[in-house]
Engineer: 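Okay, here's the structure, questions in a sec.
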Amino acid sequence: MRNTATSSELLAELKLLHPKLIDLSLGRIERLLAKLGDPHKRLPPVVHIAGTNGKGSTTALLRAMLEAAGVRVHAYTSPHLVQFHERIVLANQAGRSGPIQEQALVDVLSRTQACNDGDDITQFEITTAAAMLAFAETPADVLLLEVGLGGRLDATNVVARPELTVITPISIDHTDKLGTTLAEIAAEKAGILKPGIRAIVSKQQTEAADVIVDTAHELAAPLELWGRDFDAYEQNGRLVVQCEDQLLDLPLPALVGPHQISNAGTAVVAALRLKSFHVDESAIAKGLSLAQWPARMQRFSEGPLFDLLSHGSELWLDGGHNPAAADMLAQTAADLEERSPRPLFLVVGMMGLKDVSGFLARFDGLARSVFAVPVPGAHEQPLKPAGIVAAAEKLGISASETASVEAALHAIDRQHKGPKRVLICDSLYLAGHVLALQSGVEPQAN
């Protein structure tokens with residue numbers, strides 16, 4: 001094995017081990033983990049988190065609360081935005097956590113690649129195995145383990161006995177892999193539930209909630225369900241979380257948008273139910289105030305892209321990419337408009353299999369115009385800007401193609417000279433490209 005390989009070089013090699021980027025199965029990763037000495041059986045207590053929307057935000061909120069309580073936290077998320085290192089967050093001796101360093105990433109990728117010895121395996125599976133190795137070898141008190149896709153056959157579902165499972169809101173997405181109905185998709189997500197292991201379930205549509213409740217009953221898994229066993233809402237500029245056994249009056253989450261109320265409420269209940277350590281109300285409050293999660297209604301107040309807009313303008317970024325996410329974004333945009341009126345312009349880039357009409361329809365009457373852009377560096381086929389324009393115009397929304405995000409911002413500023421609100425949205429891959437432009441960092445491919 002080359003000692004001089006970079007993580008980018010290794011990741012490119014690992015992508016060639018299987019003809020498909022996504023091929024849901026547990027057999028290949030179980031085989032590799034056995035050869036590695038079963039690191040997934042030597043992890044700190046695990047909180048396993050699935051869902052369509054809100055997984056990342058809920059993970060970020062829970063991580064901030066736990067760290068505020070002095071808990072050492074590992075976290076596993078995907079996809080990354082700019083650098084692959086973001087996916088593997090390791091606790092350190094100072095009690096904080098951060099992305100794995102390049103040398104450590106190269107080490108676990110190289111060792112996992114050598115152990116795999118050319119066997120057929122997807123890149124996500126082999127990198128998840130490498131992450132398990134890093135998590136097992138680095139001391140921590142808890143691992144927040146986010147599902148990659150689905151749940152039942154996701155590579156993270158090799159953990160047989162998590163301490164807690166969490167399911168965030170489920171909606172129609174990835175229908176080519178998870179099923180075409182909400183019930184089918186919910187059944188895949190509910191595949192992370194385990195016999196006797198408590199589950200915290202966020203706000204769900206009835207069809208999804210019914211499947212999760214039935215699955216939990218079959219497994220005798222204690223279940224706390226939003227609207228039945230707990231609730232969270234905004235009241236007088238505060239977050240109120242009500243459980244059967246207590247009522248908490250907390251600050252609103254630092255993450256922007258009304259949908260973050262449900263994510264925060266779910267994270268609060270999860271923090272309260274962890275048995276390995278005590279997370280008091282002051283730590284929960286501090287975590288809510290400090291939590292950060294890039295590309296989720298992230299506002300830029302400086303940087304090269306922000307500088308392309310005229311004085312008084314706002315620039316926002318969100319990676320939401322399905323109609324349910326669009327509902328949340330449109331509600332957030334409407335709330336912003338009510339508080340501080342400005343014309344709204346959308347910069348949109350999208351993957352080919354996503355519901356572009358369903359996404360844009362939520363902004364009918366809210367967005368003044370859509371600027372469609374290509375998505376650089378996406379691992380799947382993006383939707384051509386012309387397709388986005390056609391969908392927008394069919395909905396009666398003004399739209400045009402531009403060659404890049406920078407070109408779109410220039411065009412918006414020419415179209416409207418005064419203060420405006422610009423939302424770049426509809427793809428995590430586009431969001432990663434934007435963050436790379438803002439920071440001047442070379443992105444790694446997903």
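These numbers come from a predicted model, not from an experiment.
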Engineer: Is a donor from one side chain sitting under 3.5 angstrom from an acceptor on the other, for Thr59 and Tyr76?
Structural biologist: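 Side-chain D/A pair, Thr59 to Tyr76: absent.
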
Engineer: Is atom CD of Glu184 surrounded by more than 12 heavy atoms (other residues, nucleotides or ligands) closer than 6.0 Å?
Structural biologist: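 Enclosed: over 12 neighbouring heavy atoms sit under 6.0 Å from CD of Glu184.
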
Engineer: Got a second to check how far Gln101's CD is from Leu105's CG, nearest 0.5 Å?
Structural biologist: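 Output value for this atom pair is 10.0 Å.
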
Engineer: Is a side-chain donor-acceptor pair under 3.5 Å present for Ser7 with Gln444?
Structural biologist: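 Yes - a donor-acceptor pair under 3.5 Å links their side chains.
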
Engineer: Output yes when a side-chain donor or acceptor of Lys194 lies under 3.5 Å from a complementary backbone atom of Ile192, and no otherwise.
Structural biologist: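 At least one qualifying donor-acceptor pair exists.
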
Engineer: Donor-acceptor pair, distance only, cut-off 3.5 Å: does the side chain of Gln438 make one with the backbone of Glu302?
Structural biologist: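 The answer is yes, because a donor-acceptor pair under 3.5 Å joins these two groups.
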
Engineer: Determine whether the side chains of Ser282 and Asp280 contain a donor N or O and an acceptor N or O closer than 3.5 Å.
Structural biologist: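 Side chains of Ser282 and Asp280: pair found under 3.5 Å.
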
Engineer: Quick one: does Glu86's side chain have a donor or acceptor within less than 3.5 Å of a partner on Pro99's backbone?
Structural biologist: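 No.
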
Engineer: Regarding Arg273 and Asp245, does a basic nitrogen lie under 4.0 Å from an acidic carboxylate oxygen?
Structural biologist: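 Looking at Asp245 together with Arg273, the answer is yes, because their closest N to O distance falls below 4.0 Å.
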
Engineer: Strictly distance-based, threshold 3.5 Å: is any side-chain N or O of Gln123 a donor or acceptor partner for the main-chain N or O of Leu11?
Structural biologist: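 Pair found, side chain donor or acceptor close to backbone of Leu11.
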
Engineer: Does the side chain of Thr52 come under 3.5 Å of the side chain of Asp173 through a donor N or O and an acceptor N or O?
Structural biologist: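 Note: Thr52 and Asp173 side chains miss the donor-acceptor criterion.
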
Engineer: Run the numbers on Leu223 and His217 for side chain to side chain contact (heavy atoms under 4.5 Å, CB included), then give the verdict.
Structural biologist: CA-CA 8 Å; Leu223 185 73; His217 180 73; over 6 Å; no

Engineer: Around atom NZ of Lys286, are there more than 12 heavy atoms from other residues, nucleotides or ligands closer than 6.0 Å?
Structural biologist: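 No, NZ of Lys286 has 12 or fewer neighbouring heavy atoms, counting only those of other groups under 6.0 Å.
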
Engineer: Is there a side-chain contact between Leu61 and Arg63 in this structure, where contact means two heavy atoms from C-beta onward sitting under 4.5 Å apart?
Structural biologist: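 Not in contact.
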
Engineer: Using modelled atom types and a 3.5 Å cut-off, is there a donor and acceptor pairing between side-chain atoms of Gln83 and backbone atoms of Glu442?
Structural biologist: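 Yes; judged by distance alone, with no hydrogens or angles, the pair exists.
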
Engineer: Apply the side chain to side chain contact (heavy atoms under 4.5 Å, CB included) test between Ile167 and each candidate in Thr58, Ile212, Thr215; give the one that qualifies.
Structural biologist: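 Going through Thr58, Ile212, Thr215 one by one, the side chain to side chain contact (heavy atoms under 4.5 Å, CB included) with Ile167 is satisfied by Ile212 alone.
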
Engineer: Is a donor from one side chain sitting under 3.5 angstrom from an acceptor on the other, for Asn263 and Arg296?
Structural biologist: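 Per modelled atom types, Asn263 and Arg296 side chains form no pair under 3.5 Å.
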
Engineer: Could you tell me whether the side chain of Arg228 and the main chain of Glu224 form a donor-acceptor pair under 3.5 Å?
Structural biologist: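 Not at all, since once roles are kept as given, no pair shorter than 3.5 Å links the two residues.
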
Engineer: For the pair Glu125 (side chain) and Thr122 (backbone), establish whether a donor and an acceptor sit closer than 3.5 Å, ignoring hydrogens and angles.
Structural biologist: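 Judged by distance alone, yes, a pair lies under 3.5 Å.
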
Engineer: Run the side-chain contact (heavy atoms from CB on, under 4.5 Å) test against Glu188 and tell me which residues pass, sequence neighbours left out.
Structural biologist: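 Partners of Glu188 under the side-chain contact (heavy atoms from CB on, under 4.5 Å) test: Arg152, Leu178.
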
Engineer: Please test Leu239 against Glu234 for side chain to side chain contact (heavy atoms under 4.5 Å, CB included), starting from the C-alpha separation and ending with a verdict.
Structural biologist: CA-CA 5 Å; Leu239 171 68; Glu234 181 179 352; over 6 Å; no

Engineer: Is there a donor in the side chain of Arg299 and an acceptor in the side chain of Ser301, or the other way round, less than 3.5 Å apart?
Structural biologist: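 Result is no, nothing qualifies.
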
Engineer: Side chains of Thr156 and Glu146 only: does a donor on one sit below 3.5 Å from an acceptor on the other?
Structural biologist: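 Absent: no donor and acceptor within the cut-off.
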
Engineer: Checking Lys420 against Glu314 for the salt bridge (charged side-chain N to carboxylate O under 4.0 Å, His left out) test, could you report, in this order, the C-alpha distance in whole Å, the side-chain angles of both residues, the deciding distance, and whether it holds?
Structural biologist: CA-CA 6 Å; Lys420 63 194 107 351; Glu314 296 178 6; over 6 Å; no

Engineer: Using side-chain heavy atoms (C-beta onward) and a distance below 4.5 Å, is Leu383 in contact with Met351?
Structural biologist: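 No, every pair of side-chain atoms sits at 4.5 Å or beyond.
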
Engineer: Rounded to the nearest 0.5 Å, what separates atom CD1 in Ile424 from atom CG in Leu315?
Structural biologist: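 So the CD1 of Ile424 and the CG of Leu315 are separated by 4.5 Å.
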
Engineer: Please name all residues satisfying side-chain contact (heavy atoms from CB on, under 4.5 Å) with Ala367, sequence neighbours left out, ordered by chain then number.
Structural biologist: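 By the side-chain contact (heavy atoms from CB on, under 4.5 Å) rule, Ala367 matches Leu344, Leu346, Phe363.
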
Engineer: Measure the spacing between CE of Met132 and OG1 of Thr127 and express it to the nearest 0.5 Å.
Structural biologist: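 Separation between the atoms: 10.5 Å.
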
Engineer: Ignoring hydrogens and angles, state whether a donor on the side chain of His85 or Glu102 is under 3.5 Å from an acceptor on the partner side chain.
Structural biologist: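 The criterion, which ignores hydrogens and geometry beyond distance, is satisfied for Glu102 and His85.
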
Engineer: Taking the side chain as every heavy atom from C-beta outward, state whether Arg87 and Pro79 have any pair of such atoms under 4.5 Å apart.
Structural biologist: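 Side-chain contact under 4.5 Å: yes.
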
Engineer: State, to 0.1 Å, how close Ala270 and Val166 come at their nearest heavy-atom pair, and which atoms those are.
Structural biologist: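 In terms of heavy atoms, the two residues are closest at CB-CG2, 4.2 Å.
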
Engineer: Kindly give the heavy-atom pair with the smallest separation between Ala129 and Ile29, and that separation in Å.
Structural biologist: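 Heavy atoms only, the tightest pair is N-CD1, 4.0 Å.
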
Engineer: Decide yes or no for Leu250 and Val240: does some side-chain heavy atom of the first lie under 4.5 Å from some side-chain heavy atom of the second?
Structural biologist: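 No; the side chains remain at least 4.5 Å from each other.
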
Engineer: Given side chains that start at C-beta, do those of Val89 and Ile100 come closer than 4.5 Å, heavy atoms only?
Structural biologist: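 When only atoms from C-beta onward are counted, Ile100 and Val89 do not touch, as no gap falls below 4.5 Å.
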
Engineer: What distance separates Leu423 CG from Trp316 CH2, expressed to the nearest 0.5 Å?
Structural biologist: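 Between atom CG of Leu423 and atom CH2 of Trp316 there are 9.5 Å.
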
Engineer: Ser310 and Asp413: side chain to side chain donor-acceptor pair (under 3.5 Å), yes or no, with the steps?
Structural biologist: CA-CA 7 Å; Ser310 55; Asp413 216 51; 3.2 Å; yes

Engineer: I'd like to know if the side chain of Ser340 reaches the main chain of Leu336, judged simply by a donor and an acceptor atom lying under 3.5 Å from each other, with no hydrogens or angles considered.
Structural biologist: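 Here the side-chain-to-backbone pair does not exist.
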
Engineer: Can you measure from CG (Leu193) to CZ (Arg198) and round to the nearest 0.5 angstrom?
Structural biologist: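 One finds 12.5 Å between CG of Leu193 and CZ of Arg198.
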
Engineer: Would you check, one step at a time, whether the test side chain to side chain contact (heavy atoms under 4.5 Å, CB included) holds for Ile185 with Ile172?
Structural biologist: CA-CA 7 Å; Ile185 295 170; Ile172 299 293; 3.9 Å; yes

Engineer: Between the side chains of Lys275 and Glu163, is the shortest nitrogen-to-carboxylate-oxygen separation below 4.0 Å, so that they form an ion pair?
Structural biologist: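 Here Glu163 does not pair with Lys275 in a salt bridge, since their nearest N and O are not under 4.0 Å apart.
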
Engineer: Would you indicate whether the side-chain heavy atoms of Asn157 and His48 approach each other to under 4.5 Å?
Structural biologist: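 They are in contact (side-chain heavy atoms under 4.5 Å apart), so the answer is yes.
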
Engineer: Show the numbers, then the answer: is there a salt bridge (charged side-chain N to carboxylate O under 4.0 Å, His left out) between Arg421 and Glu337?
Structural biologist: CA-CA 9 Å; Arg421 182 170 290 121; Glu337 173 65 15; 3.6 Å; yes

Engineer: Using a 3.5 Å distance criterion without hydrogens, assess whether the side chain of Lys189 forms a donor-acceptor pair with backbone atoms of Gly51.
Structural biologist: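 Answer holds: yes.
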
Engineer: If you look at every heavy atom in Ala436 and Val82, which pair is closest and at what distance?
Structural biologist: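 Closest pair (atom of Ala436, atom of Val82, distance): N-CG2, 3.9 Å.
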
Engineer: Shortest non-hydrogen contact from Leu24 to Leu149?
Structural biologist: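 Smallest heavy-atom distance, with atoms named: CD2-O, 4.0 Å.
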
Engineer: Would you indicate whether the side-chain heavy atoms of Leu145 and Pro162 approach each other to under 4.5 Å?
Structural biologist: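 A side-chain contact under 4.5 Å is absent here.
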
Engineer: Side-chain donor-acceptor pair under 3.5 Å between Ser171 and Asn53, yes or no?
Structural biologist: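 The criterion, which ignores hydrogens and geometry beyond distance, is satisfied for Asn53 and Ser171.
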
Engineer: Rounded to the nearest 0.5 Å, how far apart are CD of Glu393 and CG of Leu395?
Structural biologist: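 That separation rounds to 10.5 Å.
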
Engineer: Is there a side chain to side chain contact (heavy atoms under 4.5 Å, CB included) between Ile388 and Met350? Walk through the geometry before answering.
Structural biologist: CA-CA 8 Å; Ile388 299 171; Met350 200 171 203; 4.3 Å; yes

Engineer: Show the nearest heavy-atom pair for residues Leu435 and Pro294, with the distance to one decimal.
Structural biologist: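 So the minimum-distance heavy-atom pair works out to CD1-CB, 4.1 Å.
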
Engineer: Kindly indicate whether the side chain of Val46, heavy atoms from C-beta on, has any atom under 4.5 Å from the side chain of Val142.
Structural biologist: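 No, their side chains stay 4.5 Å or more apart.
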
Engineer: Would you tell me whether Ser57 and Gln260 have side-chain atoms, one donor and one acceptor, within less than 3.5 Å of each other?
Structural biologist: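 Indeed, the side chains of Ser57 and Gln260 share at least one donor-acceptor pair under 3.5 Å.
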
Engineer: For the residue pair Met297 and Thr332, what are the closest heavy atoms and their distance?
Structural biologist: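 So the minimum-distance heavy-atom pair works out to CE-CG2, 3.8 Å.
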
Engineer: Donor-acceptor pair, distance only, cut-off 3.5 Å: does the side chain of Asp249 make one with the backbone of Arg238?
Structural biologist: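 Flag not set: sc Asp249 to bb Arg238 has no pair under 3.5 Å.
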
